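As the structure is a prediction and not an experimental result, all values here were calculated from the model. Just so it is clear: chains get the letters A, B, ... in the order the sequence lines come, proteins before strands, and each one is counted from 1.
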Amino acid sequence: MTSGHVAAFWADEEARLLDPARPHVVRDSKTPSGAVPISALRGPVISDALTRTFRAHGLDVRFVYTIDDYDPMDSQSMREKAGMAEHMGKPLCTIPSPDPSVAPDFAEYHAARFIALFAGLGITPEFYRMRDLYRSGALDKQIDLVLRNAEAIRAIHKRIANVDHEAGWLPISVICENCGRIGTTLATDYDGNTVAYVCRLDYVEWAQGCGHGGRISPFKGNSKLLWNEQWCAQWDHFGVTYEEGGKDLLTAGGSRDRSNEIYREVFRREPPLGLAHEFFLFGGKKMATSKDIGAKATDLVAIYPPELTRFLMLRTHPKRHIEFDPAGMTLPRLMDEYDRCADDYLRDHMTDFAKTWRLSQVSPDPSPPPAYRARFGTVANWLQIPSITPEKEAGREKAAALDDRELRDLHVRIELARQWLDRWAPEEAKFSVSQTVPQIEFTKDQRRYLVEIKELVGKVRDPEEMQNQLYEYAKKAGLVNEEGKPRRDAFAAIYLAFIGKPIGPRAGMLLTSLEPEFVRRRLDAVAIP
RNA sequence: GGGCCAGUAGCUCAGCGGUAGAGCAGGGGACUCUUAAUCCCUUGGCCGAGAGUUCGAAUCUCUCCUGGCUCACCA
């Protein structure tokens with residue numbers, strides 16, 4: 001290895017930062033409070049790709065994922081939903097399930113969904129629910145440590161983030177014994193066994209406490225550490241050595257800085273390494289704000305094949321933002337690029353593109369891509385021509401029958417292309433027979449040609465034969481160039497007459513796939529000025 | 001105000017110290033059947049601006065400009 005900076009694949013660069021002599025724990029987490037938009041998958045996909053890469057480097061790695069189901073319900077949008085207002089401020093895991101037949105409580109309802117979603121994407125960490133960690137007492141040691149150092153922590157908050165908590169403040173939230181809320185309580189005065197607390201009516205804006213107060217043990221699930229301190233407690237509990245995160249958290253003076261400082265000073269340990277990833281922007285916006293955008297983003301995960309979702313997250317360096325808009329030519333471009341990476345993989349596993357392709361697969365140890373893959377845009381064209389059977393057409397293109405894997409791959413593309421044509425394809429990419437007669441000025445030659453081919457309609461049924469006849473008729477009609485070949489405007493006349501655009505699918509197929517009576521009427525209509 | 005990211009061919013981007021690249025779009029051609037597809041060829045860039053380091057900078061350093069995101073309450 002030479003001196004100086006060597007540009008390497010980003011995941012390999014991260015792997016080199018880790019000490020190979022010791023075991024490692026990668027961590028990520030999520031609050032189960034709603035549907036997962038596609039943008040929220042960037043973090044988990046990156047963490048998973050890093051875990052796979054670390055293992056490939058021979059490192060001993062666990063991938064731990066915590067479900068923050070002890071967090072208080074604070075979502076403004078939930079507050080407006082019927083029956084939810086009374087639950088504001090309660091731990092997510094004590095709020096009723098939207099559908100008890102699916103999951104027993106609100107948190108589990110959403111957690112079950114994203115666990116399944118992750119599994120479908122090949123992301124399979126060890127899941128831990130915060131309710132279990134707290135109630136079992138697994139974090140009691142860390143809670144005691146935090147409470148005994150509350151003053152030092154308060155000073156760190158003041159110094160790093162310029163947040164001034166009142167004197168006596170403790171960085172935990174007690175669950176109110178009277179109303180069950182966790183977001184509304186202020187705790188003080190730790191004596192080694194219990195804390196004093198008050199459930200304040202106006203402690204936070206998004207929920208109202210009940211005014212109850214008393215003393216209670218903060219252990220065995222009676223309380224929850226605040227965000228920064230809970231972070232440290234989990235690092236300590238699991239021995240986390242690597243945790244990537246969004247730049248909203250990893251910014252200077254931000255949340256991660258505070259936690260790192262607390263971890264060093266109070267827990268006397270070195271905080272995990274981890275890169276900060278840029279955001280995944282949706283049409284220029286961060287999403288979630290707009291329900292419309294958020295909903296679309298959730299749908300996408302169901303529509304895109306899992307490897308394409310992973311690819312979308314991994315092909316861009318984590319430190320660069322992804323500007324994503326599913327409309328227009330985005331999908332064909334994405335698929336083409338995916339295919340280019342697959343080709344790279346077939347040639348050489350060690351290039352950056354090849355690594356990206358491999359990490360995009362659901363399986364950590366995938367079989368190579370099929371050698372024949374129909375191009376996405378082509379498949380979309382096939383679907384728009386009634387006389388074409390994609391499987392047959394693909395076989396013709398490959399010049400051999402497709403094997404099982406190639407067929408499966410084709411069918412995935414067919415389904416995706418249907419969605420694309422239906423939702424996102426620009427008009428130029430679509431061709432359909434216009435129902436009204438296009439207002440086009442045809443030349444005299446073109447009109448004569450259109451009249452003459454009328455006698456073929458209904459008589460010639462075979463697309464190939466029709467194609468040949470159209471060619472011959474063009475010569476007969478004198479629509480030829482110097483070499484005696486038909487000119488472009490011959491076939492363009494057909495397309496303009498039926499599709500309204502000068503290009504389209506093979507004319508022979510187009511005309512034989514339509515009702516003869518309809519074809520004759522249309523030819524009459526356009527040929528008569 | 002702090003932080004991060006971007007500014008390279010018409011578009012989307014790759015390259016990150018050694019004679020400017022890809023895909024798409026545009027132009028031309030081949031397949032003695034147009035279009036599409038496929039294949040071949042091709043046009044096209046003072047690499048945001050300025051200064052510095054270097055034998056050499058799109059690449060490193062500094063300053064600036066433009067755009068985007070984000071943190072400054074909670075999680």
[X] bridged to [Y] by N-O distance under 4.0 Å:
X: A:Arg347; Y: A:Asp344; answer: yes
X: A:Glu166; Y: A:Arg200; answer: yes
X: A:Asp409; Y: A:Arg373; answer: no
X: A:Lys247; Y: A:Glu278; answer: yes
X: A:Lys90; Y: A:Asp105; answer: no

With a 4.0 Å cut-off on heavy atoms, is [X] in touch with a base, just the backbone sugar-phosphate, or nothing at all?
X: A:Leu249; result: base
X: A:His165; result: sugar-phosphate
X: A:Asp336; result: nothing

Take atom [atom1] of [X] and atom [atom2] of [N], then tell me their distance rounded to the nearest Å.
X: A:Asn228; N: B:rA75; atom1: CG; atom2: P; result: 7 Å
X: A:Leu383; N: B:rA36; atom1: CG; atom2: P; result: 19 Å
X: A:Glu337; N: B:rC13; atom1: CD; atom2: C1'; result: 8 Å
X: A:Lys319; N: B:rG3; atom1: NZ; atom2: P; result: 13 Å
X: A:Glu323; N: B:rG67; atom1: CD; atom2: C1'; result: 11 Å
X: A:Phe280; N: B:rC5; atom1: CZ; atom2: P; result: 19 Å
X: A:Asp257; N: B:rC4; atom1: CG; atom2: P; result: 11 Å
X: A:Asp69; N: B:rA75; atom1: CG; atom2: C1'; result: 14 Å

Nearest-angstrom distance, [atom1] atom, [N] to [M]:
N: B:rA58; M: B:rA49; atom1: C1'; value: 14 Å
N: B:rA14; M: B:rA9; atom1: P; value: 12 Å
N: B:rG48; M: B:rU42; atom1: C1'; value: 29 Å
N: B:rA6; M: B:rC74; atom1: C1'; value: 30 Å
N: B:rU43; M: B:rA20; atom1: P; value: 16 Å
N: B:rC60; M: B:rG23; atom1: P; value: 26 Å
N: B:rU19; M: B:rU66; atom1: C1'; value: 31 Å
N: B:rA37; M: B:rC24; atom1: C1'; value: 15 Å

Options [options], nucleotide nearest the side-chain atoms of [X]:
X: A:Thr251; options: B:rG2, B:rU70, B:rA36; result: B:rG2
X: A:Arg258; options: B:rG3, B:rC69, B:rC74; result: B:rC74
X: A:Trp206; options: B:rC5, B:rC74, B:rU70; result: B:rC74
X: A:Thr378; options: B:rU70, B:rA75, B:rA37; result: B:rA37
X: A:His321; options: B:rC5, B:rC73, B:rC69; result: B:rC5
X: A:Arg340; options: B:rU70, B:rG2, B:rG23; result: B:rG23
X: A:Val163; options: B:rU38, B:rC73, B:rC69; result: B:rC73

### Query
Ignoring hydrogens and angles, are the base of B:rC5 and the side chain of A:Lys247 linked by a donor-acceptor pair under 3.5 Å?
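Flag unset: no donor-acceptor pair detected.
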
### Nearest-nucleotide comparison on RNA chain B, the residue closer to the 5′ end among A:Thr31 and A:Ala276
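This one resolves to A:Ala276.
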
### Task
Report the residue (A:Arg315 or A:Asn381) whose heavy-atom-nearest nucleotide on RNA chain B is the more 5′ of the two.
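Comparing both residues, the 5'-ward one is A:Arg315.
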
### Derivation and outcome, ring pair (Phe, Tyr, Trp, His ring centres under 6.0 Å), residues A:Phe267 and A:Trp235
CA-CA 10 Å; A:Phe267 288 76; A:Trp235 289 343; 8.8 Å; no

### Message
Among residues at least two apart in sequence or on other chains, which ones pass ring pair (Phe, Tyr, Trp, His ring centres under 6.0 Å) with A:Trp227?
### Response
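Expected list: A:Trp231.
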
### Task
Go through the structure and list residues passing ring pair (Phe, Tyr, Trp, His ring centres under 6.0 Å) with A:Tyr197, not counting sequence neighbours.
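Expected list: none.
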
### Task
Check the angle between the aromatic planes of A:Phe280 and A:Phe324 and answer parallel, tilted or perpendicular using the 30° and 60° thresholds.
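It falls in the tilted class, 30° to 60°.
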
Is there side-chain contact between [X] and [Y], with at least one heavy-atom pair below 4.5 Å?
X: A:Arg181; Y: A:Thr185; value: no
X: A:Cys232; Y: A:Val266; value: no
X: A:Trp357; Y: A:Leu314; value: no

#### Entry: Partner residues of A:Glu243 under the salt bridge (Lys or Arg N to Asp or Glu O under 4.0 Å) criterion, sequence neighbours left out
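If we apply the salt bridge (Lys or Arg N to Asp or Glu O under 4.0 Å) test to A:Glu243, skipping adjacent residues, the hits are A:Arg27.
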
### Task
Using modelled atom types only, decide if a donor and an acceptor are shared between the side chain of A:Arg522 and the backbone of A:Ala497 within a distance under 3.5 Å.
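Yes.
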
### Task
Pull out every stem in RNA chain B, meaning runs of 3 or more consecutive Watson-Crick or G-U wobble pairs with both distances under 3.5 Å.
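Stems (3+ consecutive pairs) listed as B:1-7 with B:65-71, B:10-13 with B:21-24, B:26-30 with B:38-42, B:48-52 with B:60-64.
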
Enumerate all atom pairs, one protein N or O and one N or O from nucleotides 25-27 of chain B, separated by less than 3.5 Å.
none

For nucleotides 8-11 of chain B, tabulate all protein N/O to nucleotide N/O atom pairs closer than 3.5 Å, reporting atom names and distance.
none

